[in-house]
Amino acid sequence: MTPILSIEGLSKHYGAVVALDGVTFSVNPGEIFGFMGHNGAGKTTALRVLLGLTPPTSGRVTVMGLDPTQDPLGVRSQLGFLPASYALPREMTARSFLCYVGAMFSMPRAEAEARAEALITELGLSSFADRRLGGLSTGMAQKVGFAQALVNRPKLLLLDEPTSGLDPLGRHDLLESLRQLAETQGTTTMFSSHILSDVQTLCRRVAILHKGRLVAFGEAEALKAEHGVADMDALYLALARRERR
């Protein structure tokens, strides 16, 4: 199987600071892949490289067969991205904002409006779709951010801390939406999070970063068995302790 996303020997330095150090892993088409690590582990930096927003210091990255350093717009036109911190335009409504995102992907107006309406219905946004985004709660705004990542019907989703700010019901709904996208549309998701219970619920394979280094990559169940632990929190703690020695 040809990976939809491949990272080989990826390093990123900011002066003397090493944000990523020789990271290598791949993501297969149609899977929901867990990208784990503490805050500051290098997850967001890796996503920025994948999006073509920052060049690697060394190493090679391909996304859907494209090099994001050479064709960042080509990559971003085919994927959906939800950053950890997303500044929505405060004066727009959710409905008008989703239409605007559709227009950014060169959708005709009627198509953009139909796509916005479909996402509002599918993701349960109807009760606040015509409220200004500046007045939404953190959880509501996160749902709108997730909707915008789906406007262009992406083959690949890059989600950075997508359940942050969501209540238990909102988290359940988002995770279920990702399962449905994978099952019905074959959408691949790279699920970047430090909420390890969400990763355990959703992901069969994972990559784990610690201080910019890849400390584990593979099937979650096999990694837990290898380290004699029962859940992802215990696995991460075991790996972090090993790195401190």
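Everything numeric in this text was worked out from a predicted model, so none of it was measured. Positions are given from 1, in the same order as the sequence printed here. Values below: all heavy atoms of this structure, side chains included; hydrogens, waters and symmetry mates excluded.
Dense packing is recorded around CZ of F105, with more than 12 heavy atoms of other residues, nucleotides or ligands lying under 6.0 Å away. Other residues, nucleotides and ligands place more than 12 heavy atoms under 6.0 Å from the NE2 atom of H13. Around atom NZ of K224, more than 12 heavy atoms belonging to other residues, nucleotides or ligands sit under 6.0 Å away.
K43 places a side-chain N or O within donor-acceptor distance of the main-chain N or O of G37, the cut-off being under 3.5 Å. A donor-acceptor pair under 3.5 Å is formed between the side chain of Q148 and the backbone N or O of G145. Under a 3.5 Å cut-off, the side chain of S77 and the backbone N or O of G74 do form a donor-acceptor pair. Under a 3.5 Å cut-off, the side chain of T189 and the backbone N or O of F191 do not form any donor-acceptor pair. Of the possible donor and acceptor atoms, none in the side chain of E221 sits under 3.5 Å from a partner among the backbone N and O of R204.
Considering CE of M190 and CZ of F35, their distance stands at 4.0 Å, rounded to 0.5 Å. S106 OG to E111 CD: the interatomic distance, rounded to the nearest 0.5 Å, is 10.0 Å. A distance of 14.5 Å separates CG of L209 from NE2 of H194, quoted to the nearest 0.5 Å. To the nearest 0.5 Å, atom CG of residue N152 and atom CD of residue Q78 are 9.0 Å apart. E31 contributes atom CD, which lies 7.5 Å from atom OG1 of T188 (distance to the nearest 0.5 angstrom). Atom OG1 of residue T93 and atom OH of residue Y100 lie 14.0 Å apart, to the nearest 0.5 angstrom.
Taking 4.5 Å as the limit, some side-chain heavy atom of L235 sits within range of a side-chain heavy atom of I208. The closest side-chain heavy-atom distance from T187 to L156 is not below 4.5 Å. Taking the side chain as every heavy atom from C-beta outward, V206 and V199 approach each other to under 4.5 Å. Considering only heavy atoms from C-beta on, P154 comes within 4.5 Å of L157 through its side chain. Counting heavy atoms from C-beta outward, L82 and L158 have side chains that stay 4.5 Å or more apart. Under the 4.5 Å side-chain criterion, counting only non-hydrogen atoms from C-beta, P56 is not in contact with V61. Between F146 and L178 the shortest side-chain heavy-atom distance falls below 4.5 Å. L239 places a side-chain heavy atom less than 4.5 Å from the side chain of H227.
Residues satisfying the salt bridge (Lys or Arg N to Asp or Glu O under 4.0 Å) criterion with R90, sequence neighbours excluded, are absent altogether. In this structure, S137 has no side-chain hydrogen bond (donor to acceptor under 3.5 Å, both in side chains) partners at least two apart in sequence or on a different chain. With sequence neighbours left out, Q70 forms a side-chain hydrogen bond (donor to acceptor under 3.5 Å, both in side chains) with no residue at all. Residues satisfying the side-chain hydrogen bond (donor to acceptor under 3.5 Å, both in side chains) criterion with Q185, sequence neighbours excluded, are absent altogether. Under the rule for a side-chain contact (heavy atoms from CB on, under 4.5 Å), the partners of A19 that lie at least two apart in sequence or sit in another chain are Y14, T45. Contacts of D130 classified as side-chain hydrogen bond (donor to acceptor under 3.5 Å, both in side chains), with partners at least two apart in sequence or in another chain: R95. Looking at residues two or more places apart in sequence or on another chain, you find a side-chain contact (heavy atoms from CB on, under 4.5 Å) between H210 and H38, V215, Y236, A240, E243. Under the side-chain contact (heavy atoms from CB on, under 4.5 Å) criterion, L133 pairs with L88, P89, M92, A94, F97, L136, V144, sequence neighbours left out. Residues meeting the ring pair (Phe, Tyr, Trp, His ring centres under 6.0 Å) test with F81, sequence neighbours left out: none.
No continuous path of ILVMFWY side-chain contacts below 4.5 Å connects I32 to I195, so the two sit in separate hydrophobic clusters. With hydrophobic clusters built from ILVMFWY side chains whose heavy atoms lie under 4.5 angstrom apart, M232 shares a cluster with V229. Linking ILVMFWY side-chain heavy atoms closer than 4.5 Å, directly or via other members, places F217 and L196 in two distinct hydrophobic clusters. Hydrophobic clustering (ILVMFWY, side-chain heavy atoms < 4.5 Å, transitive): L214 and L10 are in one cluster.
The pair R171-D198 counts as a salt bridge, with a side-chain nitrogen and a carboxylate oxygen less than 4.0 angstrom apart. A salt bridge between R109 and E113 is present, with a side-chain N of the basic residue lying under 4.0 Å from a carboxylate O of the acidic one.
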Apply side-chain contact (heavy atoms from CB on, under 4.5 Å) to the pair R179 and T201, showing each step before the final yes or no.
CA-CA 11 Å; R179 287 193 189 94; T201 297; 3.0 Å; yes

Is there a side-chain contact (heavy atoms from CB on, under 4.5 Å) between L53 and R76 once you walk through the steps?
CA-CA 10 Å; L53 298 175; R76 294 200 288 271; 3.6 Å; yes

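Across L98 and A116, no two heavy atoms sit closer than the pair CB-CB, 3.7 Å. L166 and G139 make their closest contact through CD2-O, 3.5 Å (heavy atoms, listed as atom of the first residue, atom of the second, distance). Taking each heavy atom of D231 and A234 in turn, the nearest pair found is OD1-N, 2.8 Å. R115 approaches L150 most closely through the heavy-atom pair NH2-O, 2.7 Å.
A side chain to side chain contact (heavy atoms under 4.5 Å, CB included) with S192 is found for one member of T44, L159, L47 and no other, namely L47. Of the options L50, L51, V75, a side chain to side chain contact (heavy atoms under 4.5 Å, CB included) to P68 is made by V75 and by none of the others.
For residues 47-63, every residue pair satisfying the side-chain hydrogen bond (donor to acceptor under 3.5 Å, both in side chains) rule, not counting sequence neighbours, is listed here: K12-T54.
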Using distance only, find each side-chain donor-acceptor pair of residues 20-30 under 3.5 Å and give its atom names and separation, not counting sequence neighbours.
| from | atom 1 | to | atom 2 | distance (Å) |
| --- | --- | --- | --- | --- |
| T24 | OG1 | G9 | N | 2.7 |

Under 3.5 Å, side-chain donor or acceptor atoms of residues 1-8 against the rest of the protein: list the pairs with distances, not counting sequence neighbours.
none

